[in-house]
S.K.: 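Here it is, the structure in full.
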Amino acid sequence: MNNNPKSNLTPIPEKLVLEFSNRVWNSTHELDAIDELMTEDYCITTAGKAVK
């Protein structure tokens, strides 16, 4: 658990992005975190187009 007092000031969307990055992209590759942190209708977009 993060005991950094500044962490309470971080906006929730930023916290979710950082948590996703730390848990999924970093060395742990905790793939179950994807289901926990993302919504069912999440869609990746690039250049304004959905990636399917």
Side-chain angles (χ1 to χ4, degrees):
M1 180 170 204
N2 189 348
N3 290 325
N4 182 349
K6 287 188 175 184
S7 69
N8 293 332
L9 302 175
T10 306
I12 290 175
E14 186 176 329
K15 284 183 180 181
L16 291 173
V17 169
L18 293 172
E19 184 172 356
F20 182 89
S21 177
N22 288 336
R23 292 173 63 190
V24 178
W25 288 108
N26 284 347
S27 62
T28 59
H29 302 299
E30 189 180 332
L31 300 181
D32 290 335
I34 296 170
D35 292 332
E36 180 184 331
L37 298 169
M38 306 304 286
T39 62
E40 288 183 28
D41 62 348
Y42 176 78
C43 181
I44 295 174
T45 59
T46 185
K49 297 189 181 208
V51 176
K52 296 183 180 194

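Here the structure is a predicted model, which is why all the values come from computation and not from measurement.
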S.K.: Output the distance between atom CG (Asp35) and atom CD (Glu40), rounded to the nearest 0.5 Å.
M.R.: 9.0 Å
S.K.: Membership question, hydrophobic clusters at under 4.5 Å side-chain separation (ILVMFWY): are Val17 and Ile44 in the same one?
M.R.: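 No, Ile44 does not connect to Val17 through the hydrophobic network.
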S.K.: Can you hop from Ile12 to Tyr42 via hydrophobic side chains spaced under 4.5 Å?
M.R.: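 Yes; Tyr42 is reachable from Ile12 via cluster members.
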S.K.: Given the rule that I, L, V, M, F, W and Y join up when any side-chain heavy atoms are under 4.5 Å apart, are Leu31 and Leu37 in one cluster?
M.R.: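 In one cluster: yes.
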S.K.: Which heavy atom of Phe20 sits nearest to which heavy atom of Ile34, and what is that distance?
M.R.: CE1-CG1, 4.0 Å
S.K.: Ignoring hydrogens, what is the shortest heavy-atom contact between Asn22 and Thr28? Give both atom names and the distance.
M.R.: O-OG1, 3.8 Å
S.K.: Return yes if some donor-acceptor pair links the side-chain N/O of Thr45 with the main-chain N/O of Ala50 below 3.5 Å, else return no.
M.R.: no
S.K.: Which atom names give the shortest non-hydrogen contact between Glu30 and Val24, and what distance separates them?
M.R.: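 Heavy atoms of Glu30 and Val24 come nearest at O-CG2, 3.8 Å.
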S.K.: Do the non-hydrogen side-chain atoms of His29 and Arg23 ever get within less than 4.5 Å of each other?
M.R.: no
